[in-house]
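Notes for the one structure printed next.
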Amino acid sequence: MFDAFLIKPDSLRNDYDADGKAIGFQFAVRIADYRGCFLSLVNGYYINVDGTEYGRELQTFEINGKAPRTYEELKTCVWEHWNYDDAGIVHVKKEGGLAPGRHKIGILQSILAQYGYMPWDEEWVKNPPVPKPGSAEGGGKTETVSEFDLELQEGGNA
């Protein structure tokens, strides 16, 4: 529903380790829906930056003032809520981070349905589908990739 507002402008930054070496990048995201959800339903993202895909295994998610967690860890957060319009931070591992300048980011958010029951829901909780373009499996309200043209900002996590 709110896919055009999925990534917050001016939030693209590199992540750094304690030695100051770029180890990936991050950006702030919102829920592409009209309400929040429990973190256990956050299934990850399809992410394509400048033509390179970055799978869920390279992603962690930061929200509610807690350290970044994997989506496997989030599956157990059944009582922790992501409130509407609170920004979450997606961290993506990429040696060397992103180069300075503008980057084209394609993103598809996958949040499992939080109401109703479908026959596949139990299987999706145990084995979440991989977010991918053109598939409504686990994609929530959308199956299309939203595209953003963002400038890499200075700073980031150290």
Is the shortest side-chain N to carboxylate O distance from [X] to [Y] below 4.0 Å?
X	Y	value
E73	K66	no
D149	R102	yes
E154	R13	no

Out of curiosity, [X] [atom1] to [Y] [atom2], how far, rounded to the nearest 0.5 Å?
X	Y	atom1	atom2	answer
T52	L98	OG1	CG	9.5 Å
R30	Y84	CZ	OH	8.0 Å
I89	D15	CD1	CG	9.5 Å
W82	N64	CH2	CG	10.0 Å
E62	Q26	CD	CD	7.0 Å

Taking the side chain as every heavy atom from C-beta outward, state whether [X] and [Y] have any atom pair closer than 4.5 Å.
X	Y	value
L58	K94	no
R69	T60	no
I105	N48	no
L41	K75	no
I107	V145	no
T76	S40	no

Task: Hydrophobic cluster membership, I23 vs V49, 4.5 Å side-chain cutoff - done: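 As far as the 4.5 Å side-chain criterion goes, V49 and I23 are not connected within one cluster.
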- [ ] Answer yes or no: does atom CD of E57 have more than 12 heavy-atom neighbours from other residues, nucleotides or ligands under 6.0 Å?
- [x]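 Atom CD in E57 is crowded, with more than 12 foreign heavy atoms closer than 6.0 Å.
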Task: Partner of Y46 by side-chain hydrogen bond (donor to acceptor under 3.5 Å, both in side chains), out of E53, R56, Q109 - done: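 That would be E53; it is the only one of E53, R56, Q109 passing the side-chain hydrogen bond (donor to acceptor under 3.5 Å, both in side chains) with Y46.
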- [ ] Please check if the distance between the ring centroids of Y45 and F27 is under 6.0 Å.
- [x]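 Ring centres of F27 and Y45 not closer than 6.0 Å.
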Open item on the list: Donor-acceptor check, side chain of N83 to backbone of D86, threshold 3.5 angstrom: yes or no?
Closed with: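 Looks like no, no N/O pair under 3.5 Å.
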